[in-house]
Amino acid sequence: MMEEEKELLVLTDVSLITCIVQRGLADAVVTAATEAGAQGGTVYFARGYGIRERLGTLGVAIEAEKEVVLIVVSDEQADLVFERIYLSAKLSTPGMGMMFVSRLEKAATYIPKEVIANIRTQGRKERVDDR
Amino acid sequence: MTDENGFPRGMLITCILPKGAAIPLMKKLREEKGITAMSFHHARGAGRSGRSRHGLGHYVENHIINIAVSADQAEDVFEFIYFEARIGEDHNGLLLMEKLGMLTPYTLPEELKDE
C-alpha cells in the first residue's frame, strides 16, 4: 500500500483583522465581513477597560463586556473588509469599539482540492508565459 | 536570534481548532517540543463548518491556542501543529503565524516535576 505523501500547504499574503465591539454586536461584524468577501470569523468574549471610565456618567451606556472578532482575509481584501466592518459597527462613534489589522507571516487551513489544482495550473501557465 | 535589547525575536502562533482539540495538542507541544508559553480559550466560529453542518449564520464551538515561540523555533512548531492537528483537512481549523515586536523568555526550572 502506498503511503500518501505529507504536504504542508500554506497561505501567504494574508492579514488578520481583529475587531473589539460591545457584547452582542459581533454577529453584525461577522455578517458585514462575510458580505464583503471574508470566509468567516471567530468570536470570543472579553472584558474591556478604559473608555467607560473616561466618559464618566456617559460611560454607563457602554457595555464593559466585549466580543472580539478575528477575521482572516487576503491582503487584497483587507481594505474592503476593514471598511465595511468600520461602517457597519459604527466604529467612528466613541465607545463602540476598535479594530486593527496585523500582517500574517503565513496561515494554513483546509484548501479544497479543486482550488489547489487551479492554483497549480495557473502557476504552470504563468511560468510558460514568462518564457 | 535576539533583538537590540537582548530579548529573543519571536512569533505568535494562533491555532483555531474544533472544540476538544486544544488540550491534547498542548500536551503534545509540551512533551515533544518543550513549549510552555501557551494558553487557550474558548470561542465560536462562523465559517465552512457552521455553514455546512447547520446552514448559514450558525456558529460552532472552537478552542483558540496562542503560542509564543522564538523565531528560530517557529517553523518547526508550525509544521508540527499542522500535521498533529491535521489542519489541512476539512473542518479542522486554522493556523496562523505572525511576527512579534518583543518576546520575554519563558523557561521553567529543569527540576520542576510533572504533577
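Every heavy atom of this structure was used, including side-chain atoms; hydrogens, water molecules and symmetry mates were not. Naming convention: chains lettered A, B, ... in sequence-line order (proteins, then strands); numbering from 1 in each chain.
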Student: Answer yes or no: is there a side-chain heavy-atom contact under 4.5 Å between A:Y110 and B:I87?
Tutor: no
Student: What part of A:V14 lies closer than 4.5 angstrom to a heavy atom of chain B: side chain, backbone, both or neither?
Tutor: neither
Student: Would you give the length of the straight line joining atom CD of B:E75 to atom CD of A:E105, rounded to the nearest 0.5 angstrom?
Tutor: 8.0 Å
Student: To the nearest 0.5 Å, what is the distance between OH on B:Y82 and CG on A:L9?
Tutor: 4.5 Å
Student: In terms of side-chain geometry, is the basic nitrogen of A:R103 or B:E98 positioned less than 4.0 Å from the acidic oxygen of its partner?
Tutor: no
Student: I'd like to know if B:R44 and A:D27 make a salt bridge, using a cut-off of under 4.0 Å between side-chain N and carboxylate O.
Tutor: yes
Student: Around B:K28, counting heavy atoms of other residues, nucleotides and ligands shown, do more than 12 lie under 6.0 Å from its NZ?
Tutor: no
Student: Is A:V10 in contact with chain B via its backbone, its side chain, both, or neither, using a 4.5 Å heavy-atom distance?
Tutor: side chain
Student: Could you look at A:V30 and say if it's the side chain, the backbone, both or neither that has a heavy atom under 4.5 Å from chain B?
Tutor: side chain
Student: With only heavy atoms counted, which part of B:H41 is less than 4.5 Å from chain A, the side chain, the backbone, both or neither?
Tutor: side chain
Student: Quick check: is B:V69 connected to B:L103 through a chain of hydrophobic side chains (ILVMFWY, heavy atoms under 4.5 Å apart)?
Tutor: no
Student: Under 4.5 Å between any side-chain heavy atoms of B:I64 and A:L70, yes or no?
Tutor: yes
Student: Rounded to the nearest 0.5 Å, what separates atom OG1 in A:T12 from atom CE in B:M97?
Tutor: 11.5 Å
Student: Is B:E89 in contact with chain A via its backbone, its side chain, both, or neither, using a 4.5 Å heavy-atom distance?
Tutor: backbone
Student: Looking only at atom types and distance, does a side-chain atom of A:T109 sit under 3.5 Å from a main-chain N or O of B:G93, one as donor and one as acceptor?
Tutor: yes
Student: Using non-hydrogen atoms and a 4.5 Å limit, figure out which bit of B:I16 sits close to chain A: side chain, backbone, both or neither.
Tutor: side chain
Student: Where do B:N62 and A:Y44 land on the side chain to side chain contact (heavy atoms under 4.5 Å, CB included) test, with the steps shown first?
Tutor: CA-CA 9 Å; B:N62 289 146; A:Y44 58 91; over 6 Å; no
